[in-house]
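One structure is given here, and the rest of the page talks about it.
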Amino acid sequence: MIEAREPIRVALLGCGTVGSEVLRLLQNQPEDFAARTGAPVQVTGVAVRRPDKHPEVPEHLLTTDASALVDGDVDVVVELIGGIEPARSLLLRALKSGKSVVTANKALLAEYGSELYAAADEHGADIYFEAAVAGAIPLLRPLRESLAGDRINRVMGIVNGTTNYILSAMDSSGAGYAETLEEAGRLGYAEADPTADVDGFDAAAKAAILASLAFHTRVTASDVYREGISGITPGVFAAARSLDRTVKLLAICERVVDEDGSESVSARVYPAMIPRSHPLAGVGDAFNAVFVEAEAAGQLMFYGQGAGGAPTASAVLGDLVAVARNIVVAGRGPRESAYAQLPVRPIGETPTRYHISIDVEDKPGVLSQVAATFNEHGVSISVVRQQGRGADANLVVVTHSAPEAALRSTVDKIAQLPVVREVVSVMRVEGEPS
Ligand code: NDP
Ligand code: HSE
């Protein structure tokens, strides 16, 4: 029997793809929410920009004045507007008046997370954001809570659905980047302005959030090295295929331990070749999947829908239930943990393996000149293979792990060799021993 209790009053900011699903699901099952939280959950207002576009929202709830809604009689603010402003000011305002916050706003958290955590701490409020990374997939709570007693060494995964759709389609159809991006737009995967997705900004924001939680360190989006997918050609996929690999846009957050025992964090987003046998290679369409490696737990994999209204709403509502429960018992959820404050390692010092495709002249001595150049720069070769003959002669070199800076100098020098016609592509290799 649930004790009668005052409702938990919720302000919903934004009622677009995600917000409209949050509202629908909340309205569909009020008794369940009351039973799960210990109090009824009542939406007291819905802030939007264009109220006439929202017939799904009861008229008495609609407002364009998000600030007034936040300042009103509410316990929890659910922010689903997106972007930096006005979301940042609205959430700070809520937290500073002791109101808890649920948000899916990765861009905001990756830039201003510490400011929001500090405001939450100072005013005894909660901030939950499970939906900000990998949509429906429970990933942040496992990092923040379930694995809080373990030591995480690596988080690697596919955290952007749009680019995964594009790369999977290019791989299976052999089509070019531009036409696949156009198709992704037609099918509703890519947004009208796909920059944040295809240039890796969205994945970098998510990597910043993952690295911060995994390594108890403040990592912002600008700390994350980032490359997008617009340079990926069908030729890169053909080269990958010839070595039984495919190409995925990966977010990688790693604890790097130097020989002297000092530790740093590497956070990076780039397209990389991975073996087809790797579990991430089989993640198709707009799905997300993330590998977590922890010292005691070993390897864990999280997989599911990383975007879309209903899947993302599921994560938002899970957070809302958690926050509401905390209010009912006058408790608080986990706070920011940034005690380790490890330095962020520059990409130039981060070792990775590389796949390099080089068009060369087809004559004796070419291979030894190319190999000697790798050797001069201290980059060790793992695989070398010649494909084609005559004018089509092409060398594929896969290296052992080497720092980015050493690899860049090697490639610059190779490009200048008279026997080299063109360095066709340089792609990182992940997901196999170094
Ligand atoms: P939408 O663009 O679909 O919706 C944004 C909503 O915010 C709209 O209802 C809009 O009003 C409203 N809005 C915009 N500006 C204001 C303002 N100044 N005051 C009040 N309301 C405003 O975004 P999404 O639902 O796709 O995304 C919401 C958040 O969720 C973002 O942070 C996003 O990154 C995150 N997210 C989204 C996912 C997805 O699959 N879509 C997945 C994971 C996270 P109106 O409708 O009137 O224009
Ligand atoms: N644009 C994002 C994606 C939405 O494609 O993954 C989910 O964060």
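Note that this is a predicted model, so its numbers are computed, not measured. Atoms within a ligand are numbered from 1 in the order they appear, just like the ligands themselves.
- Note: Gln299 CD to Phe291 CZ = 5.0 Å, rounded to the nearest 0.5 Å.
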* Could you check Glu56 against Arg24 for salt bridge (Lys or Arg N to Asp or Glu O under 4.0 Å), going step by step and ending with a plain yes or no? => CA-CA 9 Å; Glu56 79 284 11; Arg24 182 180 69 79; over 6 Å; no
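- In this structure, ligand 2 sits under 4.0 Å from heavy atoms belonging to Lys106, Asn160, Gly161, Thr162, Asp197, Asp202, Lys206, Gly306, Ala307.
- A donor-acceptor pair is defined here as one N or O able to donate and one able to accept, closer than 3.5 Å; such a pair exists between the side chain of Ser409 and the backbone of Ala405.
- The 4.0 Å heavy-atom shell around ligand 1 contains residues Gly14, Cys15, Gly16, Thr17, Val18, Ala47, Val48, Arg49, Arg50, His54, Leu80, Ile81, Gly82, Pro86, Ala104, Asn105, Lys106, Ala131, Ala307, Gly308, Thr312, ordered by chain and number.
- Not a single side chain to side chain donor-acceptor pair (under 3.5 Å) links Glu422 to another residue, sequence neighbours left out.
- With Tyr225 as the aromatic partner, Arg345 does not meet the cation-pi criteria of under 6.0 angstrom to the ring centre and within 45 degrees of the ring axis.
- A salt bridge links Glu432 to Arg353: at least one charged side-chain nitrogen sits closer than 4.0 Å to a carboxylate oxygen.
- Each side chain to side chain donor-acceptor pair (under 3.5 Å) pair with one or both residues in residues 73-83, not counting sequence neighbours, appears once here: Arg9-Asp73, Arg9-Asp75, Glu79-Thr103, Glu79-Asn105.
- Residues Asp71 and Lys99 are not paired through a salt bridge, judged by the lack of any N-O separation under 4.0 Å between the basic side chain and the carboxylate.
- Residues Asp171 and Ser168 have side chains that never bring a donor and an acceptor to within less than 3.5 angstrom of each other.
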